Amino acid sequence: MRIVRDVAAVRAAVASSGRVGLVPTMGAFHEGHLSLIRAARASCDLVVVWLFVNPTQFNEAADLVAYPRDEDRDARLAEACGADILFAPAVEAVYPPGFATTVTVSGVADVLEGALRPGHFAGVATVVAKMLNMVRPDIAFFGAKDAQQVAVVRRLVADLDIPTRIEVLPIVREEDGLAMSSRNVRLDPHERRRATALHRGLVAAQSAVAAGERDPGLLARAVADVLADAGIEAEYVAVVDPDSFLPVETLDRPTLIALAARVGSTRLIDNIEVAP
Ligand code: PAF
């Protein structure tokens, strides 16, 4: 595996390859990232892993400073999963002096995470548009944990005629159900135990759907109750259409239940798909 810092080198590698897969990441790899790299390896001729802690998508300066970084470890893991290139550009290579363009997606990017984290999805959309232009992959692999990010990226790719297929892989969870996240390392042991309530709450709602519940308000309440028992107050529990992220009025089609909550000072998100 080669570590590459500049666009020219990536473009040269991509030019002489067959099907190119891109795995966009901000590093601090866990099994969720590795599952994306393995999926890319299984279906592509050249696997490029993008590693860039994108400053423009952090709406809290402290979150950016505290974001875990370990490129050597990430490089070893990416190589072990079959990556060909680790593309890890410097901040100045992505945002050179004079950089003045922002990609904003309306609608799906305005609600939930978009409303609570001003500028977040503009940062994501801009860097995703840039990486897709730099690498020009046939397929880009995203994780389902960032479900709203997936919806924003699908919108962006469709609207800007970017010829990359977006592939989404399931959330990878710890044995006790906690969704894998680079932020989990910030939880102390007590918070780590309490954080299992996020997935337990979503599973409780899923069981309610299986038992015939169709009222989004009551499903959201079922999740919030489990969180409250663990002393966690959600920032939101939303029962939404997976593409538009608009609230559904009744559960008459595949629907997403998405939540965000702080456990201690760590902000976590999770979601589950439910179907009538
Ligand atoms: O999901 C992430 O890690 C980031 O939002 C992404 C897609 C790599 C853009 O910086």
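Ligands are counted one by one from 1 in listed order, and the atoms in each one are counted from 1 as well. As the structure is a computational prediction, the values presented were derived from the model and not from experiment.
- Close contacts between ligand 1 and V127 involve ligand atoms 9 (C), 10 (O) [criterion: under 4.0 Å to a heavy atom].
- With salt bridges taken as basic N to acidic carboxylate O contacts below 4.0 Å, none links R262 and E191.
- With respect to D63 and R183, a salt bridge is recorded, a charged nitrogen being found less than 4.0 Å from a carboxylate O.
- Ranking protein heavy atoms by distance to atom 5 (O) of ligand 1, first place goes to Q149 OE1, 2.6 Å.
- Inter-residue side-chain proximity for V248 and R253 is flagged as met; some heavy-atom pair is nearer than 4.5 Å.
- The atoms of ligand 1 that sit less than 4.0 Å from any heavy atom of P24 are 8 (C).
- Remark: ligand 1 and N54 share no N or O pair separated by less than 3.5 Å (distance only, no angle test).
- At under 3.5 Å, a nitrogen or oxygen of Q57, whether backbone or side chain, sits near a nitrogen or oxygen of ligand 1.
- Under 4.0 Å from ligand 1, the heavy atoms of T25 that appear belong solely to its backbone.
- Ion pairing between a basic and an acidic side chain is recognised when a charged N comes within 4.0 Å of a carboxylate O; R267 and E235 show such pairing.
- At least one donor-acceptor pair closer than 3.5 Å links the side chain of R5 to the backbone N or O of A88.
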